[in-house]
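Here's the structure we're looking at; comments come further down.
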Amino acid sequence: MVVTDTWFSDSEKTLLAGLVGKRFEKYRVDESVSGAAESSFGVVGLFIDGRVFALTAEQEVHDFFGAQEDIAAVSFAETDEGGIGPHLVGVKQVDRPVDRTIEDVLLYEDRQIMREGGEEVFEYRYIGAIVFKLPHTEVVFEPDGWIMESFGVLRGPGASRSIRPADADIDDGECGRIRTERQVLSMREWDERRG
């Protein structure tokens, strides 16, 4: 079976787990058009406990169900303010204050598995969402799919209930049978298990 894995690496998960208990000061996103949902193209800047992190989505060529395709792979890394500038010309960025302690970070790991002739032949693993659990609220960064280099931002109590479901299962003659699964990892628990 061919596996295309764009889930976070253990080092990226370790960075996320290390944010639990830290102060989420603010995040930086593209300035919204009046009335539009909050989003950011290419990068979201996270300011946490005096440090700066970049949540990025960038096109990379990967095997995608048997074809070489550009896929928006999501990554997470520590950076400086220069590493979180806008990815589009003429776009301004704005800071959104949070000022709360991170209780947990939830990582939504999705995967699609294609079957042909009764056998699993391709698997695509990708990030469905990153949820920052805070006292009485949540901040969610949701990649806009495998082809888009952007993130939707959801914020408020229970914001994670508005995360898009993992793609539905597909069964057609052209693609074969594709099953979709989602697992939600608590970075706090993940770190404790690694102990």
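Small disclaimer: the values here were computed from a predicted structure and weren't measured.
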Is it true that a side-chain atom of [X] and a backbone atom of [Y] form a donor plus acceptor pair closer than 3.5 Å?
X    : Y    : value
E120 : M1   : no
E31  : V94  : no
W7   : Y126 : yes
R100 : P135 : yes
E12  : S9   : yes

*For atom CD of Q68, is the number of surrounding heavy atoms from other residues, nucleotides or ligands below 6.0 Å larger than 12?*
yes
*For residues Y124 and F122, establish whether the separation of their ring centroids is below 6.0 Å.*
no
_In this structure, is the centre-to-centre distance between the rings of F132 and Y27 below 6.0 Å?_
no
Hydrophobic cluster membership, [X] vs [Y], 4.5 Å side-chain cutoff:
X    : Y    : value
I178 : V121 : yes
V131 : F151 : no
I48  : V139 : yes
F53  : V105 : yes
L106 : L154 : yes

Is there side-chain contact between [X] and [Y], with at least one heavy-atom pair below 4.5 Å?
X   : Y    : value
V52 : T79  : yes
L55 : V74  : yes
L46 : F141 : yes
E25 : D99  : no
E78 : R51  : yes
F76 : I130 : no

Atom of [X], atom of [Y] and distance for their closest heavy-atom approach:
X    : Y    : value
I127 : T6   : CG1-O, 4.0 Å
T101 : L134 : O-CD2, 3.7 Å
A54  : I84  : CB-CG2, 3.8 Å
V140 : A129 : CG1-CB, 4.3 Å
P97  : D95  : CD-O, 3.8 Å
D144 : S150 : OD2-OG, 2.7 Å

Is the shortest distance from a Lys or Arg side-chain nitrogen in [X] or [Y] to a carboxylate oxygen in the other one below 4.0 Å?
X    : Y    : answer
D49  : R23  : no
E38  : R155 : no
K133 : E103 : no
E192 : R194 : no
R111 : E109 : no

*side chain to side chain contact (heavy atoms under 4.5 Å, CB included) involving Q93 - partner list, sequence neighbours excluded*: R28, D30, V43, P86
Between atom [atom1] of [X] and atom [atom2] of [Y], what is the distance when rounded to the nearest 0.5 Å?
X    : Y    : atom1 : atom2 : answer
I102 : K22  : CD1   : NZ    : 9.5 Å
I113 : R125 : CD1   : CZ    : 8.5 Å
D110 : T180 : CG    : OG1   : 8.0 Å
M187 : L16  : CE    : CG    : 6.5 Å
D191 : L185 : CG    : CG    : 12.5 Å
R193 : S186 : CZ    : OG    : 7.5 Å

*So K13 and L107, side-chain contact (heavy atoms from CB on, under 4.5 Å) or not? Walk me through it.*
CA-CA 9 Å; K13 290 177 182 175; L107 186 56; 4.0 Å; yes
*Is the NZ or CZ atom of K26 both under 6.0 Å from the centre of the six-membered ring of F47 and within 45° of that ring's axis?*
yes
_Donor-acceptor pair between T56 and S75 side chains, under 3.5 angstrom_ = yes
